[in-house]
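Take a look at the structure set out below.
Chain letters run A, B, ... following the sequence lines, proteins first, then strands; residues in each count from 1.
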Amino acid sequence: MALSREQIAQRVAQELKDGYYVNLGIGIPTLVANYVPEGIEVMLQSENGLLGMGRFPTEEEVDADLINAGKQTVTMTAGASLFDSAESFAMIRGGHVDLTVLGAFEVDVEGNIASYMIPGKLIKGMGGAMDLVAGADNIIVTMTHASKHGVSKLLNKCTLPLTGKGCIKKVLTDLAFIEIKDGKFHLLERAPGVSVEEIQQLTEGELVVNGEIPEMQF
Amino acid sequence: MALSREQIAQRVAQELKDGYYVNLGIGIPTLVANYVPEGIEVMLQSENGLLGMGRFPTEEEVDADLINAGKQTVTMTAGASLFDSAESFAMIRGGHVDLTVLGAFEVDVEGNIASYMIPGKLIKGMGGAMDLVAGADNIIVTMTHASKHGVSKLLNKCTLPLTGKGCIKKVLTDLAFIEIKDGKFHLLERAPGVSVEEIQQLTEGELVVNGEIPEMQF
Amino acid sequence: MAGFNKVVNSYQEALAGLEDNMTLIVGGFGLCGNPENLIKEIKRRGTTGLTVVSNNCGTTEHGLGILLFDKQIKKMVASYVGENDNFESQMMSGELEVELTPQGTLAEKMRAGGAGIPAFYTATGYGTPVAEGKEVREFNGKKYILEESVTGDFALVKAYKADTYGNLVFRKTARNFNPLAATAGKITVVEVEEIVEPGELDPDEIHLSGIYVDRLIKGDFEKIIEQRTVRPSNQSEQGA
Amino acid sequence: MAGFNKVVNSYQEALAGLEDNMTLIVGGFGLCGNPENLIKEIKRRGTTGLTVVSNNCGTTEHGLGILLFDKQIKKMVASYVGENDNFESQMMSGELEVELTPQGTLAEKMRAGGAGIPAFYTATGYGTPVAEGKEVREFNGKKYILEESVTGDFALVKAYKADTYGNLVFRKTARNFNPLAATAGKITVVEVEEIVEPGELDPDEIHLSGIYVDRLIKGDFEKIIEQRTVRPSNQSEQGA
């Protein structure tokens, strides 16, 4: 069965390592914070100028001057630091963030990603996403594998305006965990109960299936 | 008679305006701080990361962590701010400093300045001087008009490696206050008791003498 | 006003000289740390044809959004259009010119503008619509695009505290673009919650030197919260 | 060492992995804020063939000067040669390779290195020997040269205070190049006067985030003063 949003977040969280500085995008990526494995510490970077983002505040703690990149009120953890936007993106662009998790509309076999606009229909703006995909070495894209109508989002070539070129190596969808290399999608893991054939069918770009593909473990 | 070092500083100080942020180079320029006219406030920028440089400390105030660009122990005035070297030169390069005073070995009619090395003889390094001359709009160069042997330092063309190209508009020597424009030196003022002919003789580059040249007032 | 005292006493005075068709660099991230009273004064003045450089354009009803509503803005340079329906619709209709700029590039363009760096290379946006018309160059085997700096006729800034010399302290994530914007204005106007005497701020704790500040005014702030997310207060504490 | 605790307990450990022919970015302005104990450890190790990027090279007897004395440095990238006779003489003799770099350009090259900006344009050095071999480009009628960023295998930094996560606070003009150097090292090692627990530093007062710091050690410092200039203490006070 396809993973729920929570399960996608849970699987991504398994990629966290102790001491990682992590930037989580808006939407599913934000949920990853709820599944940090036991015994592991990570610090969350929010590109509006905070490293060490904590939980949502209580009613009493709410502070209009303390928000995350999704403009939600948040708190700080012990050891947090604050800085301006140029410094925040110096961290990001300079490759100092260990892991970036963000959503997308489409990815393709060349590691291209489209996530910020659908011409004539939707313009969100790229926010910090273009900086994040260009600056980070270790990125996980979370997205649904295909549209409700069964149209694949893992393409030979992105159709929408790009957010970044050749920068995505790992994609976690509701159906599969996939690595992008050598111009192909490589199937690493399947969602529990989802067959390789199902994944194959909903993947437009060339999918390499090497040996037995394990199910994700939770 | 030629101006003393103190008199050069005193004349430069007359160019200060209320509210000026000023960077004073090592040597004679440093002395300018002693002659800030009554009723005028200026703030001194030291490019190693201090705006609001005060006097030398008393024995009790000496702090190894508080020095100026000449590596002398200093104090801070009320309203001082501290910052890193990139920020310090952002101020300088970005043209936020109102007046820069610095020394030189040579200047020429094109506004070129040489101040940081004499090949085969002396290498001091440019320190912040190249940034200062490139970033500031309002610069006064203080120097002796000629060498001890009577060789002019106000040239048709600098002979030493340049610190900056076409960036000097005002020069105050021990003999004269000179403006550089249209590829010529323009004599503005004479040191008290120094004749136009004397200045002319010690100025290699073309010197424009327009009408009666007043003596400097102290 | 003598010496280094930057304090002005009215918002009219704070924005004296602001004219139609000028370029404004405006601090704030959404409504967080936005110079809300300076923006209201622009609305009052009815200045039009403005080019506004700011991460986003407020919401439909608050922050820079109120200038969009009155069609005072001709062009926006911003990274994010969301949370403001007028922004998206005026952009789609072509009524509003928009230069979508990645957030980090925007921040760096402001910093560069203030720092006398006319242009810099960044990998951000390479191979995307942002790169159109821009030089591409390779350094150490990686592709970068050339981005030029930005400056404005005015910079509008919100800080937390200042001394009368304009030395600024920001608070939490309300810092964001504010110190960068402050460096990039020909005339930089800052509104703050509190003004103290020179010497009262620890020089080591000043976030931005007063050298960048031309006018300073004390304001009262609404501080609208866009997304009030809270947890029940009976959960144990983990944040600081 | 687990999670974000960056503290190491010996200078040997602090510089583990430092090898001959590496590039070091070193904070400090002369002897002010220089990582003196880390430098002494390099002398002890006898590492040679080093390229050192730092504003100057200490004095003949202190700071980076002690590495020059032992000829451990192959190349210096610095803005200022004065106050160190060995520096000038090794440079004149050609024994030491020197890349004289304007102070502001040097600071910006470090910042750019840490910030993922491979190159930037600056007017500094245009038309001078510094511009040799560098691209010249005009922006808005003014000439600029292209300067590339710098990074190092190690960055050696002196800060005043840190928490165990490596969040740093600097003190007065001992800040100088230190936070910039810290961003530009593959491995950034910081020595400090005091280490506190996370949460003890006000997040708004942290000068540099611990994300840049790999190793942290508490040291004792000589803090040699190069030019002790004093005034008689019976003069009235004006400074703060």
Side-chain angles (χ1 to χ4, degrees), chain B residues 46-50 52 54-80 82-90 92-93 112 116-117 120-135 161-167, chain D residues 29-33 55-56 78-83 88 91-92 98 100-108 110-111 122-131 143 160 170-180 207 221 223-235 237-240:
Chain B
S46 189
E47 64 265 30
N48 56 318
L50 167 61
R55 299 184 298 175
F56 292 146
T58 61
E59 224 16 281
E60 300 73 45
E61 288 169 345
V62 166
D63 184 340
D65 288 342
L66 186 56
I67 64 168
N68 65 16
K71 301 188 181 78
Q72 299 171 310
T73 47
V74 292
T75 56
M76 293 186 279
T77 58
L82 295 155
F83 31 84
D84 67 46
S85 300
E87 173 54 28
S88 185
F89 284 93
I92 289 167
R93 204 190 299 105
N112 300 325
Y116 81 102
M117 72 176 295
K121 259 177 144 175
L122 170 83
I123 308 174
K124 302 195 310 175
M126 67 291 283
M130 281 194 181
D131 305 281
L132 282 159
V133 297
L162 294 187
T163 306
K165 190 173 163 73
C167 44
Chain D
F29 184 84
L31 300 181
C32 184
N55 188 58
N56 25 8
S79 85
Y80 198 70
V81 181
E83 284 124 45
E88 194 166 347
M91 182 177 175
M92 301 279 252
V98 177
L100 276 179
T101 305
Q103 195 173 142
T105 296
L106 187 62
E108 193 68 12
M110 290 185 193
R111 181 192 176 272
T122 174
T124 302
Y126 165 68
T128 78
V130 164
K143 298 270 184 38
Y160 172 49
F170 300 91
R171 188 171 174 276
K172 300 189 177 172
T173 57
R175 194 182 321 181
N176 57 64
F177 286 85
N178 279 300
L180 313 166
H207 292 131
F221 299 86
K223 293 200 186 180
I224 306 272
I225 292 174
E226 290 185 56
Q227 306 282 340
R228 175 182 286 265
T229 45
V230 295
R231 71 173 198 275
S233 50
N234 59 358
Q235 285 182 23
E237 296 286 325
Q238 114 180 5

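D:Ile224 is linked by a side-chain contact (heavy atoms from CB on, under 4.5 Å) to D:Leu31, D:His62, D:Glu222, counting only residues two or more places apart in sequence or in another chain.
Of all non-hydrogen atoms in D:Phe170 and D:His207, the two that sit nearest each other are N-ND1, 2.9 Å.
Listed by first then second residue, pairs satisfying salt bridge (Lys or Arg N to Asp or Glu O under 4.0 Å) with a partner in residues 66-75 of chain B read B:Lys71-D:Glu83, not counting sequence neighbours.
Only the side chain of D:Asn56 comes within contact range of chain B, with heavy atoms under 4.5 Å apart. Neither the backbone nor the side chain of B:Asn112 comes within contact range of chain D; no heavy atom of the residue lies under 4.5 Å from a heavy atom of that chain. Interface remark: B:Ile92 contributes no atoms to any contact with chain D (heavy atom separation under 4.5 Å). Only the side chain of B:Glu60 comes within contact range of chain D, with heavy atoms under 4.5 Å apart. Of the two parts of B:Glu47, the backbone and the side chain both hold a non-hydrogen atom closer than 4.5 Å to a non-hydrogen atom of chain D. Of the atoms belonging to B:Leu132, not a single heavy atom falls under 4.5 Å from chain D. In this structure, no portion of D:Met110 lies under 4.5 Å from any heavy atom of chain B. Proximity to chain B (any heavy atom under 4.5 Å) is shown, for D:Leu100, by both the backbone and the side chain. In this structure, chain D has no heavy atom under 4.5 Å from any part of B:Ser88.
The 12-atom threshold is not exceeded at NZ of D:Lys143, counting heavy atoms of other residues, nucleotides or ligands nearer than 6.0 Å.
Considering CZ of B:Phe89 and OG1 of D:Thr122, their distance stands at 10.5 Å, rounded to 0.5 Å. Distance check: B:Thr75 OG1 to D:Arg231 CZ gives 6.0 Å after rounding to the nearest 0.5 Å. We find the CD1-OG1 distance between B:Ile67 and D:Thr173 to be 5.0 Å, quoted to the nearest 0.5 Å. Interatomic distance, CD of B:Glu87 versus CZ of D:Arg175, reported as 9.0 Å (0.5 Å rounding).
For the options B:Gly52, B:Gly128, B:Ala80, heavy-atom pairs under 4.5 Å to chain D are most numerous at B:Gly128. Between chain B and the options D:Ala107, D:Cys32, D:Ser79, heavy-atom pairs under 4.5 Å are most frequent for D:Ser79. When D:Arg171, D:Arg228, D:Glu226 are compared by the number of non-hydrogen pairs under 4.5 Å with chain B, D:Arg171 comes out ahead. Chain D forms the most heavy-atom pairs under 4.5 Å with one residue out of B:Thr163, B:Val133, B:Ile123, B:Leu122, and that residue is B:Ile123. Comparing B:Leu162, B:Asp84, B:Leu82, B:Asp65 by how many heavy-atom pairs each has under 4.5 Å with chain D, the most go to B:Asp65.
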(request) Could you please spell out the steps behind the side chain to side chain contact (heavy atoms under 4.5 Å, CB included) verdict for B:Ser85 and D:Leu180? (result) CA-CA 8 Å; B:Ser85 300; D:Leu180 313 166; 4.0 Å; yes
